[in-house]
Amino acid sequence: MSFAITVLYNNVPGDSRLDPAWGFACTIDRGDYRILFDAGGDGAILMDNIRLLGVDTRGVNSVVLSHGHWDHMGGLWDALRAVCPATVYHPKSQTDLFQAHIAKLGSRAQAVEKLIEIVPGVMVLPEMGEKIKEQVLVLQCERGVSILTGCAHPGIVEIVREVQRTFHQPVDFVFGGFHLKDHKAPEIAAIVSEMKTLGVRRVAPSHCTGEKAIKAFAAAWGDDFLEIGCGARFTID
């Protein structure tokens, strides 16, 4: 199964036409089914980047939100005004008012209480963690599962372990925000080492991972490291 990813919003720069701003959003295309994952921090920037990248928002079937922080939800209302009616898979901790506003904009709110398969090969693992809860998107690929994280607030190592426990498969690829921007070098080195031990084959840390940690992952993974700045397009097989 193949997935085409387009990074719409990221503070890590990439395509020079786009405005890199703090936050994250991307689309995942599986055949003719399109998912918007997170919505960045600013609706105007998100929609302008979408226009410049030539992404047809009318093709968005579902929206998946990793967690409730502004830099992942700030552009949500603008995005929902632009898409055809979509199902929004949001963390169960979101409020009734939040769900009502989604309905007001013509889409359907779906709290993720347990593992949900949106379409074959695309699953949302419900929120985990203690202080800041977060849910992740899991893609079924030929070599195992791939994990897309918004910020990995529960810990990127803990997320990988939970996915392995749930799916009993190797983790082929982990990408998105790893939230290591404030970690010291020894802490980053320990996390890199643990990710290697867990057998993660490819990585693409970005957004809140921090430059120091991104460089550490790039050095450790070599050709299996992928840079996914704003505007990046890549395929997962």
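Numbers for residues simply follow the sequence, beginning at 1.
Counting heavy atoms from C-beta outward, Val7 and Val12 have side chains that stay 4.5 Å or more apart. Proximity of Met73 to Phe98: side-chain heavy atoms (C-beta onward) are separated by under 4.5 Å at one or more points. Side chains of Lys196 and Trp221 form a contact here, defined as non-hydrogen atoms less than 4.5 Å apart. Ile50 is listed as a side-chain neighbour of Met47, based on a closest heavy-atom distance under 4.5 Å. Taking 4.5 Å as the limit, some side-chain heavy atom of Leu180 sits within range of a side-chain heavy atom of Phe217. By the 4.5 Å heavy-atom criterion applied to side chains, Val55 and Leu8 are counted as neighbours. Between Asp172 and Arg202 there is a side-chain heavy-atom pair separated by less than 4.5 Å. The closest side-chain heavy-atom distance from Glu162 to Val136 is not below 4.5 Å.
Within the 3.5 Å criterion, the main-chain N or O of Asp19 finds a donor-acceptor partner in the side chain of Asn49. Side-chain N or O atoms of Glu134 include one that pairs as donor or acceptor with a backbone N or O of Ala152 at under 3.5 Å. Between the side chain of Arg34 and the backbone N or O of Asp56 there is at least one donor-acceptor pair closer than 3.5 Å. In this structure a side-chain-to-backbone donor-acceptor pair under 3.5 Å is missing from Ser193 to Ala190. Judged by distance alone, the side chain of Glu130 and the main-chain N or O of Pro154 form no donor-acceptor pair under 3.5 Å. For the pair Gln135 (side chain) and Tyr89 (backbone), a donor-acceptor distance under 3.5 Å is present. Using a distance-only test at 3.5 Å, with no hydrogens or angles considered, no donor-acceptor pair links the side chain of Glu127 to the main chain of Pro91. Judged purely by atom type and a 3.5 angstrom limit, Gln164 uses its side chain to pair as donor or acceptor with the backbone of Leu198. In terms of modelled atom types and a separation under 3.5 Å, the side chain of Lys133 and the main chain of Ser93 share no donor-acceptor contact. For the pair Tyr9 (side chain) and Gly41 (backbone), a donor-acceptor distance under 3.5 Å is present.
For the residue pair Ser146 and Cys141, the shortest heavy atom distance occurs at OG-SG, 3.4 Å. The two residues Leu80 and Ser107 have their closest heavy-atom pair at CD2-OG, 3.9 Å. For Asp32 against Asn61, the heavy-atom pair with the smallest separation is O-OD1, 3.8 Å. For the residue pair Ser62 and Ile118, the shortest heavy atom distance occurs at OG-CG2, 3.7 Å. Across Gly106 and Pro85, no two heavy atoms sit closer than the pair O-CB, 3.3 Å. For Pro205 against Phe225, the heavy-atom pair with the smallest separation is CD-CE1, 3.5 Å.
In this structure, Arg143 places its CZ atom where only 12 or fewer heavy-atom neighbours from other residues, nucleotides or ligands lie under 6.0 Å away. For Arg58, the CZ atom is loosely surrounded, since the number of other residues' heavy atoms within 6.0 Å does not exceed 12.
When hydrophobic clusters are built by joining Ile, Leu, Val, Met, Phe, Trp and Tyr residues whose side-chain heavy atoms come closer than 4.5 Å, directly or via intermediates, Phe175 is grouped together with Val122. In the hydrophobic clustering of ILVMFWY residues, with side-chain heavy atoms under 4.5 Å counting as a link, Ile28 and Phe173 come out together. Residues Val83 and Trp77 share a single hydrophobic cluster, defined by chaining ILVMFWY side chains whose heavy atoms lie under 4.5 Å apart. In the hydrophobic clustering of ILVMFWY residues, with side-chain heavy atoms under 4.5 Å counting as a link, Leu76 and Leu36 come out together. Leu139 and Leu148 fall within the same hydrophobic cluster, defined by Ile, Leu, Val, Met, Phe, Trp and Tyr side-chain heavy atoms under 4.5 Å apart, directly or through other members.
How far CG of Asp71 is from CG of Asn11: 8.0 Å, rounded to the nearest 0.5 Å. Distance check: Ile156 CD1 to Thr209 OG1 gives 8.0 Å after rounding to the nearest 0.5 Å. A distance of 5.5 Å separates OG in Ser206 from CD in Glu227, rounded to the nearest 0.5 Å. Going from atom CG of Leu46 over to atom OG1 of Thr57 covers 9.5 Å, rounded to the nearest 0.5 Å. Note that CG of Asp38 and OG of Ser66 are 3.5 Å apart. Values are rounded to the nearest 0.5 Å. Summarising the geometry, atom CZ belonging to Arg30 is positioned 14.0 Å from atom CD1 belonging to Ile236; distances are rounded to the nearest 0.5 Å.
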Tell me, with the steps shown, if Gln110 and Ile116 meet side-chain contact (heavy atoms from CB on, under 4.5 Å). CA-CA 10 Å; Gln110 174 65 62; Ile116 289 179; 4.2 Å; yes
Between Ile188 and Phe178, is the side-chain contact (heavy atoms from CB on, under 4.5 Å) condition met? List the steps. CA-CA 11 Å; Ile188 293 169; Phe178 291 6; over 6 Å; no
Test side-chain contact (heavy atoms from CB on, under 4.5 Å) on Leu53 and Asp15 and set out the steps. CA-CA 9 Å; Leu53 288 167; Asp15 188 326; 4.1 Å; yes
Could you walk me through whether Cys151 and His72 satisfy the side-chain contact (heavy atoms from CB on, under 4.5 Å) test, starting with their C-alpha distance in whole Å, then the side-chain angles of each, then the deciding distance to 0.1 Å, before giving a yes or no? CA-CA 9 Å; Cys151 274; His72 295 260; 3.1 Å; yes
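Between Phe37 and Phe24, the ring planes are perpendicular. Angles over 60° get that label, and only those under 30° would be called parallel.
Among Val203, Ile159, Val200, the single residue meeting the side-chain contact (heavy atoms from CB on, under 4.5 Å) criterion with Val171 is Val200.
With respect to Arg161 and Glu194, a salt bridge is recorded, a charged nitrogen being found less than 4.0 Å from a carboxylate O.
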